[in-house]
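In what follows, a single structure is set out as structure tokens and then discussed.
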Amino acid sequence: PSAMREVILEVPKVRWEDIGGQREVKMQLMEAVEWPQKHYDSFKRIGTHPPTGVLLFGPPGCSKTLLARAVASEAGLNFLAVKGPELFSKWVGESEKAVRSLFAKARANAPSIIFFDEIDGLAVIRGKESDGVSVSDRVMSQLLVELDGLHQRVNVTVIAATNRPDNIDPALLRPGRFDRLLYVGPPDEKDREDIFRVHLRKRPCSPDVCIKGLSVLTEGYTGADISRVCNEAATRAIEENFNASEITMEHLKAGIKRVKPSEMQSYEGLS
Ligand code: ATP
């Protein structure tokens, strides 16, 4: 039995413009992932080392996954995504094999990105096996071996995401591993306008829809919350009338009432 579901290889179709706000993170990702792959000779000539791995951290629903997919898409890189906890198998040896074959697949399909979602999930599972070495220790050491093997190799980049950076094994954060940390924070008022624009762009809206007004009404809402608000508004329009041809400000306000903002944890001192 395989330790993991088959890892899907894709070139995502997410553009930078599909993500509202996060200007700084977009720039940083371009610099850390796209430039070294596209301008390898320049980096070598000038003697600068691009990061081996990038860690995106911040509260849920604020576009970490979207950003990883966008940089792959914009740079034309193959993308392999895996969730931390998926790397575990109860079969002895299968978990390490899964990690090895994941990296082998990324190298075979270079230039590529491996995206580890919920990387903190690697540290929390602790089931001792008979020889006293836990599965998570085995997975972790295999992962470190693979990461160290990527060092100085520019055509495979690893990006990881977590909501809980304090739960990450510090060994992962040493130089030559996940050595670039980027904070992906909640949107401010201006960013929320951008996010509403992204989600309303492809939907028919009545002229009375005021993006600025929506942004003011959604203090504390994440990008994921705003996406839900827009969907609720569209649902509302249909509930009212099957022939509805547009979403009104009224529908959107009702959507905001229905969707409660996610609670934000504090990440102070970590960025
Ligand atoms: P998690 O930690 O829960 O995995 P995440 O930070 O990876 O969250 P995403 O999965 O990227 O968040 O975002 C979830 C959804 O929310 C996206 O598919 C998108 O619809 C919407 N969204 C979040 N942030 C933005 C944004 N800045 N612009 C547009 N849409 C956004």
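For ligands, and for the atoms within them, numbers begin at 1 and follow the listed sequence. Basis for what follows: all heavy atoms, side chains included, without hydrogens, waters or symmetry-related copies. The first residue of the sequence shown is numbered 1, and numbering continues consecutively from there.
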Check your understanding: Crowded around E219 CD? As in, over 12 foreign heavy atoms under 6.0 Å?
Key -> no
Check your understanding: Considering only the protein, which heavy-atom contact is closest to atom 14 (C) of ligand 1, and what is its distance?
Key -> A224 CB, 4.1 Å
Check your understanding: Above 12 or not: heavy atoms from other molecules or residues under 6.0 Å from NZ of K105?
Key -> yes
Review point. So is L67 close enough to ligand 1, meaning a heavy atom under 4.0 angstrom away?
Key: no
Point to revise | Residues D225, R228: salt bridge by 4.0 Å N-O rule | key: yes
Point to revise | Which of the ligand 1 atoms, numbered from 1, are nearer than 4.0 Å to a heavy atom of K64 | key: 2 (O), 5 (P), 6 (O), 7 (O), 8 (O), 11 (O), 12 (O)
Exercise for review: May I ask you to list the atoms of ligand 1 that are less than 4.0 angstrom from any heavy atom of S227?
Suggested key: 20 (O)
Review point. For W35, does the CH2 atom have more than 12 heavy-atom neighbours from other residues, nucleotides or ligands under 6.0 Å away?
Key: no
**Study point:** Identity and separation of the nearest protein heavy atom to atom 1 (P) of ligand 1
**Key:** G61 N, 3.7 Å
Point to revise | Among T162, N167, N163, side-chain contact (heavy atoms from CB on, under 4.5 Å) partner for P165 | key: T162
Review point. Which protein non-hydrogen atom lies closest to atom 7 (O) of ligand 1, naming both residue and atom, and how far is it?
Key: T65 OG1, 2.7 Å
Check your understanding: Is the closest heavy-atom distance from C62 to ligand 1 below 4.0 Å?
Key -> yes
Practice item. Please report which non-hydrogen protein atom sits nearest to atom 28 (N) of ligand 1, along with the residue it belongs to and the distance in Å to one decimal place. Key: G20 N, 2.9 Å
Point to revise | Nearest-option assignment for atom 11 (O) of ligand 1, heavy atoms, candidates D191, L66, D117 | key: L66
Revision key, fill the gap. Atom 30 (N) of ligand 1 sits nearest the protein heavy atom H199 NE2, 2.9 Å
Check your understanding: Are the charged groups of R15 and E74 less than 4.0 angstrom apart, N to O?
Key -> yes
Review point. For ligand 1, is there an N or O atom under 3.5 Å from any N or O atom of Q22?
Key: no
Review point. Closest non-hydrogen protein atom to atom 22 (N) of ligand 1, residue and atom name please, with distance?
Key: G223 C, 3.5 Å
Study note, to complete from the structure: A student checking ligand 1 against N163 at a 4.0 Å heavy-atom cut-off should list atoms 2 (O)
Point to revise | Geometric class of the F178/F116 ring pair [parallel <30°, tilted 30-60°, perpendicular >60°] | key: perpendicular
Review point. Do NZ/NE/NH1/NH2 and the carboxylate oxygens of E94 and K97 come within less than 4.0 Å?
Key: yes
Review point. Among all protein non-hydrogen atoms, which one is nearest to atom 12 (O) of ligand 1, and what is the separation to 0.1 Å?
Key: S63 N, 3.3 Å
Check your understanding: In terms of atom number and element, which parts of ligand 1 are under 4.0 angstrom from non-hydrogen atoms of I195?
Key -> 26 (C), 27 (N), 28 (N), 29 (C)
Revision key, fill the gap. Distance col, row M140:CE vs S95:OG, nearest 0.5 angstrom, shows 12.5 Å
**Study point:** Short N-O contact, E10 and R69, less than 4.0 angstrom
**Key:** yes
